[in-house]
Amino acid sequence: MKINALLKSTRSGLILSAISTFIISGCTFQPLAVQPNDNMAATTTNEQTHAEEKPHWSYSGEAGPEFWGGLAPAFAICSSGAEQSPIDLADANDADLGDIIFDYGASDLTVLNNGHTIQANYDNGSAIELDSERFDLLQFHAHAPSEHTVDSESFPIEVHLVHRSESGQLAVVGIMIEEGAPNEAFAPMWENLPGEEMPATVIGNATINAADFLPDDQSSFRYMGSLTTPPCSEQVRWHVLTTPITMSADQIAAFTDIYDSNNRPIQPLNARTLALDEASN
């Protein structure tokens, strides 16, 4: 199958219906506390209200990744799915799929710790454009070590910027973090990382701008995958930037002191095509 056809294939109406009802948190369907700037406020519920209805899952033990598919019927695809994420980014096919058009602006800093990752919810108005379709930026969060690997090599942290189109299609931009110079773009959030579970909280007089996260080279690995945590729903468009950005050792430690193994193991590529798109910028 040609790459363009693969990435533009018709999505399951059932999956899109489920996706349109929820926002990803830690690459999972995570009900989001309603806030004034919440672009999902009309369709989401408070996390704490329904906590008892959600099966417990974790990154280790009897509720760890190898058991996710059996924890609840809704999680079955975690075990049975053929297009699961993350994957090893290796042996990609060169392809010209068109640049990711980033249109990010500043947002108030709203941070939460959901027990699986630390996340920042994003104000309305920022988006990416893919194949002339707009995907609104909803939130970003991090995994340590990286969930994806590149030629079997992992990175200390991987940041996921989560987007949703008007039709409910999900698109995630992944950015790898390696140790190096301090990263001032993340400083407002990293100075306010909650060390334990905490609902979404607006940090006063703090803003963040995802545009400042991006490397100069915005080439990307692209493939069709899934959420990386239960319910592991598929038909997610993945775009992992090939060029990593840096954080200082202290910044990396600030996150890993809280979460140091919130990464799902690598999943098989199976019959999917992995594309490498060289950005024109």
Show your reasoning for whether side-chain contact (heavy atoms from CB on, under 4.5 Å) applies to Ile128 and Ile101.
-> CA-CA 5 Å; Ile128 58 173; Ile101 300 174; over 6 Å; no
Ignoring hydrogens and angles, tell me if any N or O in the side chain of Ser226 forms a donor-acceptor pair with the backbone of Glu234 under 3.5 Å.
-> no
Heavy atoms only: give me the nearest Gly81-Gln84 pair and the separation to one decimal.
-> O-CG, 3.8 Å
Is there a side-chain contact between Ser146 and Ser154 (heavy atoms, below 4.5 Å)?
-> yes
Which distance, rounded to the nearest 0.5 Å, do you find between the CE of Met224 and the CH2 of Trp238?
-> 11.5 Å
Should we count CG of Asn270 as having more than 12 external heavy atoms under 6.0 Å?
-> yes
His163 side chain to Ala171 main-chain N or O, any donor-acceptor pair under 3.5 Å?
-> yes
Hey, does Tyr122 have a side-chain heavy atom less than 4.5 Å from the side chain of Ile208?
-> yes
If you look at every heavy atom in Ala142 and Ile157, which pair is closest and at what distance?
-> CB-CG2, 4.0 Å
If the plane angle is over 60° it's perpendicular, under 30° parallel, otherwise tilted; pick one for Trp68 and Trp57.
-> perpendicular
Any chance you could measure Cys78, atom SG, to Glu66, atom CD, to the nearest 0.5 Å?
-> 12.0 Å
So, the side chain of His143 versus the backbone of Asn262: is there a donor-acceptor pair under 3.5 Å, distance only?
-> yes
Heavy-atom closest contact (Thr243 atom, Pro215 atom, distance) | O-CG, 3.5 Å
Is there a side-chain contact between Trp190 and Met247, using heavy atoms and a 4.5 Å cut-off?
-> yes
Is the side chain of Asp131 donor-acceptor paired with the backbone N or O of Glu133 at a distance under 3.5 Å, no angle test?
-> no
Looking only at side chains, do Ser60 and Ser58 share a donor and an acceptor under 3.5 Å apart?
-> no
Near-ring test Tyr104/Phe213, centroid separation under 6.0 angstrom = no
For residues Ala74 and Pro231, report the shortest heavy-atom separation together with the two atoms involved.
-> O-CB, 3.4 Å
Is it true that the side chains of Gln169 and Gln235 contain a donor and an acceptor less than 3.5 Å apart?
-> no
Please assess Asn124 against Asp136 for the test side-chain contact (heavy atoms from CB on, under 4.5 Å), listing each intermediate value before the final yes or no.
-> CA-CA 8 Å; Asn124 294 338; Asp136 293 309; over 6 Å; no
Find out whether Asn121 and Phe140 are in side-chain contact, i.e. whether some heavy atom of one side chain is under 4.5 Å from a heavy atom of the other.
-> no
Distance, nearest 0.5 Å, that separates CD of Gln267 from SG of Cys232 | 7.5 Å
Side-chain donor/acceptor of Arg134 to backbone N/O of Leu130, under 3.5 Å = no
Stepwise side-chain contact (heavy atoms from CB on, under 4.5 Å) check, Asn183 with Ile245 = CA-CA 8 Å; Asn183 194 312; Ile245 59 177; 3.8 Å; yes
Between Asp217 and Ser219, do the side chains contain an N or O donor and an N or O acceptor separated by less than 3.5 Å?
-> yes
Identify the two heavy atoms, one from Gly105 and one from Ser126, that lie closest to each other, and give their separation to 0.1 Å.
-> N-OG, 2.8 Å
Between the CG atom in Leu276 and the OG atom in Ser220, the distance rounded to the nearest 0.5 Å is 7.5 Å
If you round to the nearest 0.5 Å, how far is OH of Tyr259 from OH of Tyr59?
-> 9.0 Å
For the residue pair Pro199 and Leu112, establish whether any side-chain heavy-atom pair is separated by less than 4.5 Å.
-> no
Phe102 vs Gln218 side-chain heavy atoms within contact, under 4.5 Å | yes
Would you indicate whether the side-chain heavy atoms of Ile100 and Phe135 approach each other to under 4.5 Å?
-> no
May I ask you to decide if Met198's main-chain N or O and Asn113's side chain share a donor-acceptor pair within less than 3.5 Å?
-> no
What pair of heavy atoms forms the shortest contact from Ala181 to Thr246, and how long is it?
-> O-OG1, 2.9 Å
Side chain Glu147, main chain Pro86, donor-acceptor under 3.5 Å | no
N/O donor-acceptor pair under 3.5 Å between Asn114 side chain and His116 backbone | yes
Give, for atom CG of Asn263 and atom OG1 of Thr149, the distance between the pair rounded to the nearest 0.5 Å.
-> 10.0 Å
If you group Ile, Leu, Val, Met, Phe, Trp and Tyr by side-chain heavy-atom gaps below 4.5 Å, do Ile266 and Val172 land in one group?
-> no
Path from Leu137 to Leu214 over hydrophobic side-chain contacts below 4.5 Å | yes
Answer yes when Arg222 and Asp277 have at least one side-chain N-carboxylate O distance shorter than 4.0 Å, and no when they do not.
-> yes
Any side-chain heavy atom of Leu89 sitting closer than 4.5 Å to one from Leu274?
-> yes
Side-chain donor or acceptor of Asp108 paired with backbone N/O of Thr207 under 3.5 Å | no
Go through the side-chain N and O atoms of His148 and Tyr223 and say whether any donor and acceptor fall under 3.5 Å apart.
-> yes
